[in-house]
Amino acid sequence: MFDPGEVRDILISAARQRTALTYSDMLSVLGHVFTRPLMRQLCKVLDRIDEDGRVAGEPGLAVLVVRQSDGLPGQGWFVSRTGVYDDLPLEWEGPEARRYTEARQAEAFDYWGAHDR
């Protein structure tokens, strides 16, 4: 349903602007109204984009899509990276999760701000 190339381009643009998007914002940019089923489909595409980027040596982009309530990625973002990254916080909410998220976002901002791809 979602074109990974289009989603990736939107995220690279957000990274270059040093901004995050809520799940609702992202779905809106893609021409949809927020629903949980669409969010789950989007998350699958985000995971694929991050896996392809990891293989290519790029920082993750999915970290730029966050909940409106607290500005953090959803629990699924953390869970899907368990076993892949050894520095994940133990909690998916709170100060440790916020620091981790902000550090990963900064990596994406810095990388895509310096790369013209």
Side-chain angles (χ1 to χ4, degrees):
M1 158 158 262
F2 297 111
D3 174 13
E6 180 183 10
V7 173
R8 176 180 157 85
D9 288 346
I10 292 166
L11 292 173
I12 290 170
S13 177
R16 288 185 173 140
Q17 295 172 38
R18 302 187 74 82
T19 190
L21 300 166
T22 66
Y23 289 97
S24 183
D25 290 340
M26 187 67 178
L27 287 168
S28 179
V29 169
L30 293 166
H32 299 277
V33 174
F34 179 91
T35 65
R36 292 226 177 262
L38 284 176
M39 184 186 73
R40 283 191 288 276
Q41 289 178 15
L42 174 62
C43 289
K44 289 178 184 177
V45 172
L46 294 172
D47 285 344
R48 176 178 163 197
I49 289 167
D50 269 7
E51 179 56 26
D52 291 348
R54 188 178 66 78
V55 170
E58 300 169 350
L61 287 166
V63 71
L64 301 180
V65 184
V66 298
R67 296 182 297 232
Q68 185 173 354
S69 62
D70 62 5
L72 295 174
Q75 175 181 339
W77 181 85
F78 291 98
V79 171
S80 67
R81 282 143 186 85
T82 302
V84 177
Y85 300 99
D86 59 1
D87 64 340
L88 284 168
L90 297 176
E91 300 291 328
W92 303 321
E93 296 178 325
E96 186 180 354
R98 178 158 312 285
R99 281 190 295 276
Y100 185 83
T101 297
E102 289 172 353
R104 300 297 76 77
Q105 289 174 339
E107 288 172 357
F109 296 158
D110 293 346
Y111 181 87
W112 290 107
H115 287 78
D116 199 26
R117 296 186 348 157

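All residue numbers refer to positions in the sequence shown, counting from 1.
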Please check this pair: side chain of Arg18 against backbone of Gly113, looking for a donor-acceptor N/O pair closer than 3.5 Å. no

Go through Glu51 and Arg48 one step at a time and tell me if the salt bridge (charged side-chain N to carboxylate O under 4.0 Å, His left out) criterion holds. CA-CA 5 Å; Glu51 179 56 26; Arg48 176 178 163 197; over 6 Å; no

Under a single-linkage definition using a 4.5 Å side-chain heavy-atom cutoff for Ile, Leu, Val, Met, Phe, Trp and Tyr, are Leu11 and Val55 assigned to the same hydrophobic cluster? no

For the pair Glu58 and His115, evaluate side-chain contact (heavy atoms from CB on, under 4.5 Å) and give the outcome as yes or no after the intermediate values. CA-CA 10 Å; Glu58 300 169 350; His115 287 78; over 6 Å; no

Check salt bridge (charged side-chain N to carboxylate O under 4.0 Å, His left out) between Glu6 and all other residues, then give those that pass, not counting sequence neighbours. none

Of Thr101, Asp50, Leu72, the one forming a side-chain contact (heavy atoms from CB on, under 4.5 Å) with Val63 is Thr101

Joint hydrophobic cluster, Val33 plus Leu30, side-chain heavy atoms closer than 4.5 Å: no

Between Arg99 and Glu102, is the closest basic N to carboxylate O distance under 4.0 Å? no

Side-chain atoms of residues 87-95: list all donor-acceptor pairs with protein atoms under 3.5 Å, sequence neighbours left out, distances to 0.1 Å.
unit_1: Asp87; atom_1: OD1; unit_2: Tyr100; atom_2: OH; d: 3.1

Determine the minimum heavy-atom distance between Gly60 and Ala108, stating which atoms define it. O-CB, 3.5 Å

Approximate separation, where rounding is to 0.5 Å, of Phe34 CZ and Asp25 CG: 11.0 Å

Transitive ILVMFWY side-chain link Val66 to Val79, under 4.5 Å: no

Looking at every heavy atom in both Phe109 and Ala14, which two are closest together, and how far apart are they? CE2-O, 4.4 Å

Step-by-step side-chain contact (heavy atoms from CB on, under 4.5 Å) determination, Met26 to Leu64: CA-CA 10 Å; Met26 187 67 178; Leu64 301 180; over 6 Å; no

What do the steps show when you test Trp112 against Leu61 for side-chain contact (heavy atoms from CB on, under 4.5 Å), and what is the final call? CA-CA 10 Å; Trp112 290 107; Leu61 287 166; 3.4 Å; yes

Atom pairs and distances, side-chain donor-acceptor, residues 37-47, under 3.5 Å, sequence neighbours left out:
unit_1: Asp47; atom_1: OD1; unit_2: Ser80; atom_2: OG; d: 3.3
unit_1: Asp47; atom_1: OD1; unit_2: Arg81; atom_2: NH1; d: 3.1
unit_1: Asp47; atom_1: OD1; unit_2: Arg81; atom_2: NH2; d: 3.4

Tell me, yes or no, whether the heavy-atom count around Arg67 atom CZ, taken from other residues, nucleotides or ligands under 6.0 Å, exceeds 12. yes

Under the criterion side-chain contact (heavy atoms from CB on, under 4.5 Å), I'd like the reasoning laid out for Arg98 against Asp70: C-alpha separation, chi angles, the key distance, then a yes or no. CA-CA 9 Å; Arg98 178 158 312 285; Asp70 62 5; 4.0 Å; yes

Over 12 foreign heavy atoms within 6.0 Å of CD, Gln68: no

